[in-house]
Amino acid sequence: MSELEDQKNLLEVRDLRMHFTRRSGMFRRHSTTVRAVDGVSFDMSEGETLGLVGESGCGKTSVGRSLIRTYAPTGGQVNYRRSDGDQVDLATLPGKALRPYRRELRMIFQDPFSSLNPRMTVRDIIAEPLRNNRTAHRRKVDEKVVDLLQIVGLRADYLDRYPHAFSGGERQRIVIARALSLDPRLVIADEAVSALDVSVRAQILELLVDLQADHGLTYLFISHDLAVVRYMCDRVAVMYVGKIVEIGQTGTVYSRPRHPYTRALLDSVPEPDPTRRNLLTQEPLRGEVADPSDPPAGCSFNPRCPFAEEICRREEPELRTLDDGTQAACHFAEELNLASPGGRAGAERPMR
Amino acid sequence: MPESSDPLLKVEDLRTQFETDHGTVRAVDGVSFELPRRKTVCIVGESGCGKSVTGRSILQVVDKPGKVTGGRMLWHGETGSAPVDLASLDPKGSEIRRIRGNEISMVFQEPMTSLSPVHTIGNQIMEAVRIHTDLDMAAAKERVIEALDQVGMPKPAERFDAYTFQLSGGMRQRAMIAMALVCRPKLLIADEPTTALDVTTQAQILRLLASLQAELDMSVLFVTHDMGVVAQIADEVVVMYLGTVVESGPVEQIFHDPQHPYTQALLAAVPRIGQDRSDRLVTIRGTVPGPQARPPGCPFHPRCDHVRPGECDVREPRTVTIAPRRDVRCVLAEDQEESHE
């Protein structure tokens with residue numbers, strides 16, 4: 001633990017908000033606010049992998065995009081520690097001042113078929129960020145591109161091919177090479193392996209693990225796949241309707257979740273073992289994800305929660321630190337025992 | 001009782017090919033398996049292995065220019081009568097259309113592409129009822145509402161008049177399942193029906209399918225790439241690679257005693273919950289080759305750790321039956337068979 005305290009955080013996100021206004025109706029008079037990210041705070045220390053999990057629409061991608069300022073956050077801070085030790089707030093920095101940080105924070109997208117320009121060769125795709133940022137001399141650019149291809153495990157004679165000549169796994173390697181070209185410090189991987197076949201997915205995951213060790217990278221690993229997150233991440237944050245409901249060490253959260261939603265997510269993962277048919281023997285989570293433009297009062301999860309009480313419909317729980325270091329936003333985080341599938345209420349609170 | 005032990009569907013040496021400008025693509029290349037009554041068979045494999053085309057071939061709804069070019073698909077819908085060979089039927093003929101949506105129906109991965117956006121879900125489902133039964137309007141509507149209720153659609157009578165855009169992803173998938181099941185089929189072909197859904201919704205839909213299967217006494221052919229889903233729902237598993245069946249058998253045996261190197265690698269490449277980075281994933285080298293670049297011999301040999309040069313890259317391995325209902329297509333299995341003899 002002392003090691004962690006010595007380390008300064010690379011990123012400190014505070015109360016991040018990303019609200020989208022949607023207009024509709026005649027003359028677009030009606031407006032609704034979608035609270036895609038609604039008060040998210042977390043830290044990332046240098047060299048760690050933080051997983052961000054949740055179902056579609058929970059805001060995990062919006063968090064990633066707010067960090068790299070593809071979206072301009074509508075509130076909160078993204079405090080980033082520069083290599084000289086000073087902190088800057090990326091959330092409010094104007095466009096021009098952002099440029100030096102754009103190369104330090106890079107993103108890997110989900111679909112390698114749409115994130116590569118089909119009219120550019122591999123050489124140009126990887127060299128483009130180098131040229132745009134004028135980080136290397138023109139002759140050096142080619143050397144660097146060849147280096148990068150080797151790092152991600154592609155042959156140098158592929159340089160002048162176009163993306164269509166590559167399989168999904170190879171394209172994702174090109175995407176990774178492009179992301180690494182500017183020696184980033186933080187890489188945001190948004191569903192980076194979700195579109196890949198299992199045999200190829202394992203290759204890319206192992207590549208990401210090796211690259212992290214070799215280059216001292218910090219990863220924000222956004223995924224809906226809990227097994228992959230368990231494998232990749234030191235810590236994990238679980239999001240539900242724009243908020244983090246639980247965050248902690250991956251091993252602790254998975255073996256002893258403190259929020260009923262985390263428990264439900266874990267119970268929904270089909271175990272690859274026919275003698276343990278968890279999906280068919282357990283009661284599945286009822287209902288559907290709440291609408292982020294009209295979340296229920298109190299805890300957003302209360303209409304689906306098997307343990308919900310009166311207070312859950314009235315008061316929104318704060319994210320708070322528990323005895324084992326995990327943080328959870330549940331009124332009954334201390335009382336519930338969610339260590340086993342399904343979970344059960346504490347002795348003093350019989351489950352209704 | 002010979003008639004009840006007959007499988008509902010017996011696929012023998014099925015071949016489906018696509019004639020393209022760049023040559024013939026053998027999408028399904030000699031696939032054989034049986035579908036027992038009231039059981040769930042999962043076809044599992046990676047993209048391009050021919051699993052979806054196999055499912056579509058059964059109903060003769062392969063996308064153009066694909067065509068079933070060989071093999072037999074013996075459909076034994078009614079016990080006591082002679083089986084029908086679906087492969088011999090005209091894809092546009094009346095015989096297959098009588099079976100489609102009635103005795104055999106299908107659900108797809110993306111409900112938005114298979115449901116009409118301009119018709120209410122009730123009317124779309126009712127169309128199937130009107131075609132395959134002689135119920136009048138009122139009775140047909142009642143049947144549809146009953147089907148919507150059966151798939152767990154809240155307020156089914158009101159949702160009858162809903163359009164697809166008014167429904168969530170999970171509810172659309174329920175509507176599609178209701179449409180598939182409204183005529184009480186004997187076989188449901190489900191092509192990746194939960195792949196586009198979130199895990200909690202996937203769990204709901206899989207549970208729903210399992211309970212409906214028991215209720216309606218039907219067989220399910222479930223096409224998926226997800227080994228976790230296979231382990232949860234399958235009775236029997238067919239593992240495909242590049243248009244061929246590499247291994248098939250009861251689910252416990254496939255997961256606990258896989259024989260083909262591809263099946264073994266596929267299982268080890270999936271991280272299990274609880275596995276962390278101290279325990280590395282098994283990777284399969286290379287990638288699935290494109291349909292035009294099918295390797296000679298065993299299609300898996302360029303990626304196989306047990307490859308024998310001069311053998312695997314020259315001839316296609318035989319399919320060896322190593323136990324009842326348990327087939328492996330690999331030279332390793334051939335060796336074992338010979339050593340037993």
Item to check | Straight-line distance of B:Ile205 CD1 to A:Leu279 CG, nearest 0.5 Å | outcome: 12.5 Å
Item to check | Nearest-0.5 Å distance that lies between atom CZ in A:Arg171 and atom OG1 in B:Thr287 | outcome: 11.5 Å
Next on the checklist: Could you measure the distance from the NE2 atom of B:His256 to the CG atom of A:Asp273? Nearest 0.5 Å is fine.
Outcome noted: 4.0 Å
Checklist outcome for this item: Between A:Arg277 and B:Val230 the two heavy atoms that sit nearest each other are NH2-O, 4.5 Å
Item to check | Interchain contact, A:Gln282 with chain B, by part (heavy-atom threshold 4.5 Å) | outcome: backbone
Checklist outcome for this item: Max heavy-atom pairs within cutoff under 4.5 Å with chain B, candidates A:Gly54, A:Ser199, A:Ala227, goes to A:Ser199
Checklist entry - Do we see a donor-acceptor contact under 3.5 Å between the side chains of B:Thr200 and A:Glu55? => result yes
Checklist entry - Going by atom types only, do A:Glu206 and B:Thr283 share a side-chain donor-acceptor pair under 3.5 Å? => result no
Next on the checklist: Please report the interatomic distance CG(B:Leu197) to OG(A:Ser268), rounded to the nearest 0.5 Å.
Outcome noted: 12.0 Å
Next on the checklist: Counting C-beta onward and ignoring hydrogens, is there a side-chain heavy-atom pair between B:Thr201 and A:Glu288 closer than 4.5 Å?
Outcome noted: no
Checklist entry - Which of the residues B:Leu266, B:Leu267, B:Ile233 is involved in the greatest number of heavy-atom pairs with chain A at under 4.5 angstrom? => result B:Ile233
Item to check | Toward chain A, the part of B:Val270 with a non-hydrogen atom under 4.5 Å | outcome: side chain
Checklist entry - Of all of B:Gly152, B:Ser47, B:Ala210, which one pairs up most often with chain A through heavy atoms under 4.5 Å apart? => result B:Ser47
Item to check | Separation between CG of A:Asp291 and OG of B:Ser168, rounded to the nearest 0.5 Å | outcome: 11.5 Å
Next on the checklist: Is it the case that atom CZ in B:Arg294 sees more than 12 heavy atoms from other parts of the structure closer than 6.0 Å?
Outcome noted: yes
Item to check | Heavy-atom contact with chain A under 4.5 Å, split by part of B:Arg285 | outcome: backbone
Next on the checklist: Within the 4.5 Å heavy-atom criterion, are B:Met227 and A:Val198 side-chain neighbours or not?
Outcome noted: no
Next on the checklist: Using side-chain heavy atoms (C-beta onward) and a distance below 4.5 Å, is A:Gln203 in contact with B:Leu281?
Outcome noted: no
Next on the checklist: If I measure from the heavy atoms of chain A, does B:Gln232 come under 4.5 Å with its side chain, its backbone, both, or neither?
Outcome noted: both
Item to check | B:Gln204 (side chain) donor-acceptor with A:Gly287 (main chain) under 3.5 angstrom | outcome: yes
Item to check | Which of B:Pro289, B:Ala234, B:Gly169 touches chain A most, by non-hydrogen pairs under 4.5 Å | outcome: B:Ala234
Next on the checklist: So which residue, A:Val200, A:Thr275, A:Val289, ends up with the most heavy-atom pairs under 4.5 Å with chain B?
Outcome noted: A:Thr275
Item to check | B:Ala265 versus chain A, the contacting section by heavy-atom distance below 4.5 Å | outcome: neither
Next on the checklist: For the CZ atom on A:Arg22, are there more than 12 heavy atoms of other groups (residues, nucleotides or ligands in this structure) within a distance under 6.0 Å?
Outcome noted: no
